[in-house]
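Residue numbers begin at 1 in each chain, while the letters A, B, ... track the order of the sequences.
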Protein chains: 2
Amino acid sequence: MSAGSAGSARSAGSRLPADVEPGVCAAFRDALDLVGSKWGIAIIVAAGGGPIRFAELHRAIPGISRRMLTLTLRTLERDGLLVRTVHPTVPPQVEYAATPLAEELFRSTRALSEWAENNHERIAAARAAYDGRGFA
Amino acid sequence: MSAGSAGSARSAGSRLPADVEPGVCAAFRDALDLVGSKWGIAIIVAAGGGPIRFAELHRAIPGISRRMLTLTLRTLERDGLLVRTVHPTVPPQVEYAATPLAEELFRSTRALSEWAENNHERIAAARAAYDGRGFA
DNA sequence: CCGAATCCTTTTTGATACTG
DNA sequence: CAGTATCAAAAAGGATTCGG
C-alpha cells in the first residue's frame, strides 16, 4: 500500500461506533425529512396543545407566510403527524391537531434541543476562536 | 364575535406544552444548524472512530463530492465539533477527529434516529394512505 | 377564512477543472 | 494528498395575487 500505512488507530479507541451502519445516518436524515424544514417543529409544537385553526397558527408562528404554512401543513399531514379537520361552516373552519405519532417524535427531539440549549455558549466560543485566527 | 368563537379547547387537553416557549423550537433549529446539513452527521460519525484523513472520509461517505466534504468539514471545525490536524509531511497529511462536544451531540441525536427507525413504516403507511385519496 | 397559483430570491448542493 | 475556483442546477423559502 504505497503511501497509506500511517496505521490509523481507528480500530482502537473508537468512542463512537466505528462500524457505524449506514443506517444510523440514514435514520437521522429520515427524521430531518419529517421535521427538518424551517417551520416543521414549530407547527407541531403549536398543534400539540390541541386543535388549532389556520389563522391561529399563522399568528402563533411569527414570520411564517401563508404559503409556507400551507405547504408545511400538507407535508406534516401526509406524514401522519397532523390531522386536518374541516368543519363545513361558513366561513370555512379548518383545524389541525398533532397526532400521537407527532408527540412521540417531538419528545424524541428534546434530547437534541436540550443539548443545544446547554451548549450554545460552547459553540459560540468555538466560532469566536475559529474566526479570530488569521487576521489577529 | 363575527366568526371566531369556536372556543377552542386549547387550554384543556394539552398533551404538549401549550405555553411552549419560543426557545424550544429555537434550540432545535440551532441544533439543525450544526448537524442539519446533508453530510454533517455522516462526517461526525465517520470521524468519531478516531482520526481520519480527507481521502478516507471521501471513501467512507459514498456520494459526497470533495467540495461538499471540504465545506462541511470547515463548518464542523468552526463549530468546535471537529479538530483538524495537519502533519507537515509530503505529501500533505491532514486528519480530522470528532471532539467530545461532537460525541455528546451525536448521542443526543440517537433518540430521534431511533424513533425514525422504529416508525418509518408508520410514516410510509400514512403517506400511502394520504396519496391514495383523490384518485382512487 | 382557507388556500391555490404564480413569480422571484436565496441557499444549498453538485460537476468539473485546476493547484501546492 | 488535500484542497480551491468556477459554473451551474436544484431546492427551499418568500411576496403577491386570485378564488371558493
Q: Between atom CD in B:E77 and atom C1' in D:dA2, what is the gap in whole Å?
A: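 Between C1' of D:dA2 and CD of B:E77: 14 Å.
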
Q: Rounded to whole angstrom units, what separation is found between the CG atom of A:L32 and the P atom of C:dT13?
A: 11 Å

Q: Where the side chain of B:R74 is concerned, which of C:dA4, D:dT4, C:dT13 is the nearest nucleotide?
A: D:dT4

Q: Assign A:T70 to base, sugar-phosphate, or nothing according to its heavy-atom contacts below 4.0 angstrom with the strands shown.
A: sugar-phosphate

Q: Are OP1 or OP2 of D:dC1 and a side-chain N or O of B:Y96 less than 4.0 angstrom apart?
A: no

Q: Quick one: are A:L69 and A:Y96 in side-chain contact, heavy atoms under 4.5 Å?
A: no

Q: Can you tell which of C:dG3, C:dC2, D:dG3 lies closest to the side chain of A:R53?
A: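 So the side chain of A:R53 is nearest to C:dC2.
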
Q: When you get a sec, tell me which of D:dA2, D:dC1, C:dC1 is the closest nucleotide to the side chain of B:P91?
A: D:dC1

Q: Report the distance from atom CG of B:L73 to atom P of D:dC1, rounded to the nearest whole Å.
A: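 Distance, rounded to whole Å: 16 Å.
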
Q: Give the nucleotide from the list C:dT13, D:dC1, C:dG3 with an atom nearest to the side chain of B:S37.
A: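 Looking only at heavy atoms from C-beta outward on B:S37, the closest nucleotide is C:dT13.
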
Q: When the distance from CG of A:L82 to P of C:dC2 is rounded to whole Å, what number comes out?
A: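 Rounded to the whole Å, the gap is 14 Å.
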
Q: Using whole Å, report how far NE2 of B:H58 lies from C1' of D:dT4.
A: 15 Å

Q: Could you say whether B:R67 or B:R59 is positioned toward the 5' end of DNA chain D, judged by the nucleotide with the nearest heavy atom to each?
A: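 Its nearest nucleotide being more 5', the pick is B:R59.
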
Q: Show your working on side chain to side chain contact (heavy atoms under 4.5 Å, CB included) between B:Y130 and A:D79 and close with a plain yes or no.
A: CA-CA 8 Å; B:Y130 183 94; A:D79 292 340; over 6 Å; no

Q: Considering heavy-atom distances to DNA chain D, does A:P92 or A:L71 have its closest nucleotide positioned more toward the 5' end?
A: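 Here A:L71 is the residue nearer the 5' end.
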
Q: Without decimals, in angstroms, what is the distance between A:M68 CE and C:dC2 P?
A: 18 Å

Q: Going from OG on B:S37 to CZ on A:R29, what distance comes out if it is rounded to the nearest 0.5 angstrom?
A: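 Nearest 0.5 Å value for the OG-CZ distance: 6.5 Å.
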
Q: D:dG20 P sits how many Å from A:R66 CZ, rounded?
A: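 About 16 Å, once rounded to whole Å.
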
Q: Are any of the side-chain heavy atoms of B:F28 and A:V45 separated by less than 4.5 Å?
A: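 Side-chain contact under 4.5 Å: no.
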
Q: How far does CG of B:L71 sit from CD1 of B:I64, to the nearest 0.5 angstrom?
A: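 The CD1 atom of B:I64 is 9.0 Å from CG of B:L71, to the nearest 0.5 Å.
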
Q: What's the NZ-C1' distance between B:K38 and C:dT11, to the nearest Å?
A: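 In whole Å, C:dT11 C1' and B:K38 NZ are 14 Å from each other.
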
